[in-house]
Amino acid sequence: MAVSAAEVKALRERTGAPMMDVKKALEEAEGDEQKAIEILRKKGAASAAKRGGRGTAEGVVATYTHMSGTGERKQQRIGVLVEVQCETDFVALNDDFKDFAREVAVHIAAMNPQHVSLEDVPEEEVANERRILEEKAKADGKPDNVVEKIVEGQLAKWAREITLLEQEHVNADKHERKTIEELRQELAAKTGENVRIARIAYFRVGED
């Protein structure tokens, strides 16, 4: 069952759970908001969101450089920085925490996401993408009553392409096809602390 952006937004504001988790829960509950909340609780997304309100003054900055070329011409041409925050230095020094930060850096090097989360995407950028998709759907002759569903589906795909948390980790087999957000939630649940990806930076030699 397709759910509207308004329904997703309303439930997300009510629970604080990640957007894609909310969307999946609503679809599984066939639009029933209360059932969707129960699904989110079972999956732990809602409880993870509660930890998200706690302060994060500790953490690490992970780095990753990617080599390209062969032989003597092999060199580092891509570099990544990612700041991952937590609540205490005890967790910041934990191997699981440091491994997570490095795995995120590896993913960024491969996928080059433009933003950490959907909340970081400027409203005008979302509005512009929506307008382009609506115009394309109408130009393709799609009926007005299905244009919104088409646009919402394409917007979700676009969001996964440009936002880190919505992306499935590039090492899909290693991480069981989980998104970065799902991996973040697992680490937060395991450590009992709020884990937050604060900032990312991607560099490629020769590009501004």
Side-chain angles (χ1 to χ4, degrees), residues 1-37 39-40 43 45-46 49 52 66 78 80-82 104 106-172 175 177-185 196-208:
M1 174 183 175
V3 295
S4 69
E7 290 174 311
V8 174
K9 183 175 183 292
L11 185 56
R12 190 178 189 285
E13 289 176 349
R14 183 174 173 183
T15 63
M19 186 195 75
M20 293 308 295
D21 287 333
V22 170
K23 185 173 184 294
K24 290 176 183 176
L26 279 168
E27 289 173 344
E28 187 176 335
E30 298 182 341
D32 187 309
E33 186 171 282
Q34 198 55 45
K35 286 183 180 178
I37 290 174
I39 291 169
L40 287 170
K43 291 182 176 179
H66 183 71
I78 294 174
V80 169
L81 295 173
V82 56
V104 172
V106 169
H107 174 86
I108 293 170
M111 302 303 293
N112 188 19
Q114 303 303 299
H115 307 280
V116 174
S117 69
L118 285 173
E119 287 76 12
D120 298 326
V121 183
E123 289 185 10
E124 58 270 23
E125 189 174 336
V126 177
N128 184 58
E129 185 67 19
R130 180 185 294 277
R131 178 184 57 78
I132 292 171
L133 292 173
E134 285 177 348
E135 290 177 355
K136 183 179 184 302
K138 290 176 180 178
D140 289 343
K142 303 299 182 184
D144 290 342
N145 63 330
V146 299
V147 166
E148 182 179 354
K149 292 180 181 178
I150 292 173
V151 170
E152 290 303 326
Q154 292 177 334
L155 268 179
K157 181 177 181 295
W158 172 74
R160 289 193 296 272
E161 292 172 350
I162 67 168
T163 56
L164 173 65
L165 294 181
E166 305 298 334
Q167 293 177 347
E168 192 176 277
H169 196 284
V170 66
N171 291 329
H175 295 290
R177 307 196 72 83
K178 293 175 182 175
T179 65
I180 301 299
E181 172 60 14
E182 288 171 333
L183 295 172
R184 185 201 66 79
Q185 285 185 21
R196 175 174 173 260
I197 300 175
R199 290 179 289 181
I200 61 176
Y202 174 95
F203 306 91
R204 180 188 289 270
V205 173
E207 291 185 1
D208 294 333

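Heavy-atom basis, side chains included; hydrogens, waters and symmetry copies ignored.
Distance check, rounded to the nearest 0.5 Å: NE2 of H115 to CG of L165 gives 12.5 Å. Atoms CD1 and CZ, from I180 and R160 in turn, are 14.0 Å apart once rounded to the nearest 0.5 Å. Separating the OG1 atom in T179 from the CG atom in D21 is a distance of 7.0 Å, to the nearest 0.5 Å. Interatomic distance, Y202 OH to I78 CD1, rounded to the nearest 0.5 Å: 3.5 Å. Taking CD from E161 and CD from E166, the interatomic distance works out to 12.5 Å, rounded to the nearest 0.5 Å. Atom CZ in R130 sits 13.0 Å away from atom CD in E135 (nearest 0.5 Å).
Residue E119 places its CD atom among more than 12 non-hydrogen atoms of other residues, nucleotides or ligands, all under 6.0 Å distant. The number of heavy atoms from other shown groups lying within 6.0 Å of CZ (R131) is above 12. Atom CD of E148 has 12 or fewer heavy atoms from other residues, nucleotides or ligands within 6.0 Å.
Between I162 and E125 there is a side-chain heavy-atom pair separated by less than 4.5 Å. A 4.5 Å side-chain heavy-atom check between D140 and K136 finds at least one atom pair inside the cut-off. In this structure the side chain of L11 reaches within 4.5 angstrom of the side chain of I37, judged on heavy atoms. The shortest side-chain heavy-atom distance between I108 and L164 falls under the 4.5 Å cut-off. Using a 4.5 Å cut-off on side-chain heavy atoms (C-beta onward), I132 and W158 make no contact.
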**Request:** Test side chain to side chain contact (heavy atoms under 4.5 Å, CB included) on D120 and T163 and set out the steps.
**Result:** CA-CA 9 Å; D120 298 326; T163 56; over 6 Å; no
**Request:** Please report the C-alpha distance between K138 and E134 in whole Å, then the side-chain angles of each, then the deciding distance to 0.1 Å, and finally whether the salt bridge (Lys or Arg N to Asp or Glu O under 4.0 Å) criterion is met.
**Result:** CA-CA 6 Å; K138 290 176 180 178; E134 285 177 348; 5.3 Å; no
**Message:** Run the salt bridge (Lys or Arg N to Asp or Glu O under 4.0 Å) test on R184 and E181 for me, step by step, so that the C-alpha distance in whole Å, both residues' side-chain angles and the decisive distance to 0.1 Å come before the verdict.
**Reply:** CA-CA 5 Å; R184 185 201 66 79; E181 172 60 14; 2.8 Å; yes
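A distance-only check finds a donor-acceptor pair linking the side chain of H107 to the backbone of V170 [under 3.5 Å].
Among all heavy-atom pairs drawn from P113 and I200, the shortest one is O-CD1, 3.8 Å.
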